[in-house]
Amino acid sequence: MSFWERATDYLPLLMEGVWLTLVVTFFSVILSTFLGFVWAVMAWTRIPVLVALSRGFVTIIRGIPIIVQLFYIYFVMPEIGINLTAMQAGIIGLGIAYSAYQAENFRAGIEAIDKGQIEAAHSIGMTDQLVMRRVILPQAIRIVLPPFGNTIIMILKDSSLVSTITVAELTRQGQLIAASTFDNMTVFTLVALIYLALSLPLTFLTRHLEKRYSQA
Amino acid sequence: MIQVQDIHKSFGTLQVIKGVSFDVKKGEVVCIIGPSGSGKSTILRCINGLETYQRGSILIEGAKVDPASRAITDIRTQVSMVFQRFNLFPHRTALENVMEGPVFVKKMNRAPARDEAVALLDKVGLGAKLDTYPAKLSGGQQQRVAIARALAMKPKAILFDEPTSALDPELVGEVLAVMRDIAAAGMTMVVVTHEMEFARAVADRVLFLEGGAIVEQGSPQEVLRNPQHPRTQDFLHRVIHPME
């Protein structure tokens, strides 16, 4: 059998994995963006307790390998009575892990806004929330968007880590097929090509955004 | 209207304001002059709650200015500020900059807010630049938009923090002319400035500040023409004859 014939055999199973990879990636991006934004805003408030919480959390998360965080959520949490499906654990784990990187990106974007504008906004009576919504965010988003694209690519690739906690996403499906067919060459070539095909559009989009916003 | 009572402020161990007191009456134009580092801008920023102070009190129509309190946003809607570096919102047009406060802080409807903003921009001579972004405006034009933005809040007073110091010399006049018009219309103003000509022509009272304290104050006539204190004399001499 040629490569293509074998590939057609494996593809339906791999595509099931692709679907789960996309689901994990999608929800991890949402969760990490939301949490990352929360950490960044906490750091911005200059309220000591919130700043310390945010900084402490980000430091801890960045210091622990993602795979260990996943094991912790999936294998340790049930011991204290929190039972999650592999899928839930994977999304929460990746989401929390990446929220630390997202927070750094958002923080940089927020801090890049000229302090004078923030003072001017305060001087016309804006509250901090309004300053954030009307002055900081519309400008920070341009700064934050290109690195955000990179983060999505990283999450897409690192979603393969949830294979270690039994989520049958692309990498896991590949492992299972390879284990039963011993056709490592075909299977992992396909897996690699599929990841590449998924990430390329994001790569081009990110480059486009970088170019567009570096001019502004 | 504005009462500054025995204000003290330090940055760490550096004491920048050492007991400053003055009142500004309604409709009065007070100019604060003095060498850089004398604390002029800091006082202005304290009045608007952009800086904290350690001792004394600042009252605006009887309400205490306290940056830590929630009421500070109310006070800021009553006292606007114009900055040395304009500080316009670069992602919004001239018109949007002016409408921002009325629409989002005062919750005015867009249509009347727009009409008022157009009228204000007309008044500062920028009726033709409504949809222009700040980056495409000259410094003098940007500062005039900033003044319109301050006026749009219908404040009881406007604080000007060296409004012409960042401008090319040929653009200073257009901004001062607008400020003179506003003063003539009865606005209460506190102006930190190096423009002695403006102080002489427009101010009701001039404060000379040095080393964080008021050294001398009085009418422009008294302080600028006939200063009593040697430090004031020395400062004015250096400003008026910089080459000597």
Side-chain angles (χ1 to χ4, degrees), chain A residues 37 40-54 105-149 208-216, chain B residues 41 44-45 47-52 65 67-92 96-107 133-135 142-143 145-155 157-161 166:
Chain A
F37 183 66
V41 170
M42 276 165 70
W44 175 74
T45 58
R46 311 248 180 280
I47 299 168
V49 188
L50 297 183
V51 175
L53 269 176
S54 159
N105 180 27
F106 293 153
R107 196 180 54 81
I110 289 171
E111 282 176 5
I113 307 305
D114 169 37
K115 301 280 170 291
Q117 286 178 44
I118 296 168
E119 290 189 344
H122 279 141
S123 82
I124 55 172
M126 284 197 184
T127 58
D128 281 345
Q129 292 101 296
L130 208 50
V131 173
M132 184 47 93
R133 182 159 70 85
R134 296 292 305 169
V135 179
I136 297 179
L137 287 186
Q139 297 184 78
I141 204 155
R142 303 166 145 248
I143 301 165
V144 162
L145 222 43
F148 182 71
H208 171 75
L209 290 174
E210 267 165 10
K211 218 180 270 172
R212 186 161 145 208
Y213 288 133
S214 66
Q215 289 159 357
Chain B
S41 292
L44 220 55
R45 294 165 59 80
I47 296 176
N48 207 12
L50 292 173
E51 301 271 1
T52 55
V65 178
S69 124
R70 280 201 167 273
I72 190 67
T73 54
D74 287 336
I75 287 172
R76 283 169 175 159
T77 59
Q78 296 171 36
V79 180
S80 291
M81 184 141 172
V82 172
F83 299 85
Q84 184 175 351
R85 305 212 141 270
F86 332 131
N87 297 349
L88 293 178
F89 306 128
H91 56 305
R92 308 205 186 279
E96 289 167 343
N97 264 278
V98 178
M99 287 171 64
E100 193 70 16
V103 171
F104 290 93
V105 177
K106 290 194 154 175
K107 313 275 184 222
Y133 284 91
Q142 288 190 51
Q143 193 61 298
V145 174
I147 292 172
R149 177 175 68 180
L151 285 170
M153 293 305 288
K154 303 201 181 77
I158 303 183
L159 313 171
F160 293 83
D161 185 9

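Owing to the predicted nature of the structure, the values given are computational and were not obtained by experimental measurement. So that the names make sense, note that chain A is the first sequence line, chain B the second, and so on, each numbered from 1.
- Taking 4.5 Å as the limit, some side-chain heavy atom of A:M126 sits within range of a side-chain heavy atom of B:E100.
- Considering only heavy-atom pairs separated by less than 4.5 Å from chain A, the leading option among B:M81, B:R149, B:R85, B:R92 is B:R92.
- Heavy-atom distances place no part of B:V82 under 4.5 Å from chain A, backbone and side chain included.
- Of the listed residues (A:R134, A:Q139, A:R142), just one forms a side chain to side chain contact (heavy atoms under 4.5 Å, CB included) with B:H91, and that residue is A:Q139.
- Contact of the A:S123 side chain with the B:M153 side chain is not registered, since no non-hydrogen atoms from C-beta on lie closer than 4.5 Å.
- A pairwise comparison of heavy atoms in A:L130 and B:V105 identifies CD2-CG2, 4.0 Å as the closest pair.
- A 4.5 Å side-chain heavy-atom check between A:E119 and B:R45 finds at least one atom pair inside the cut-off.
- Note: B:N87 leads B:L159, B:N87, B:D74, B:I72 in heavy-atom pairs under 4.5 Å with chain A.
- With chain A as partner, the option from B:P155, B:S80, B:A150, B:P90 having the largest number of non-hydrogen pairs under 4.5 angstrom is B:P90.
- By the 6.0 Å contact criterion, CG on A:L53 is enclosed, its count of non-hydrogen atoms from other residues, nucleotides or ligands being greater than 12.
- In this structure the side chain of A:R133 reaches within 4.5 angstrom of the side chain of B:F104, judged on heavy atoms.
- Summarising the geometry, atom CG belonging to A:D114 is positioned 11.0 Å from atom CG belonging to B:L88; distances are rounded to the nearest 0.5 Å.
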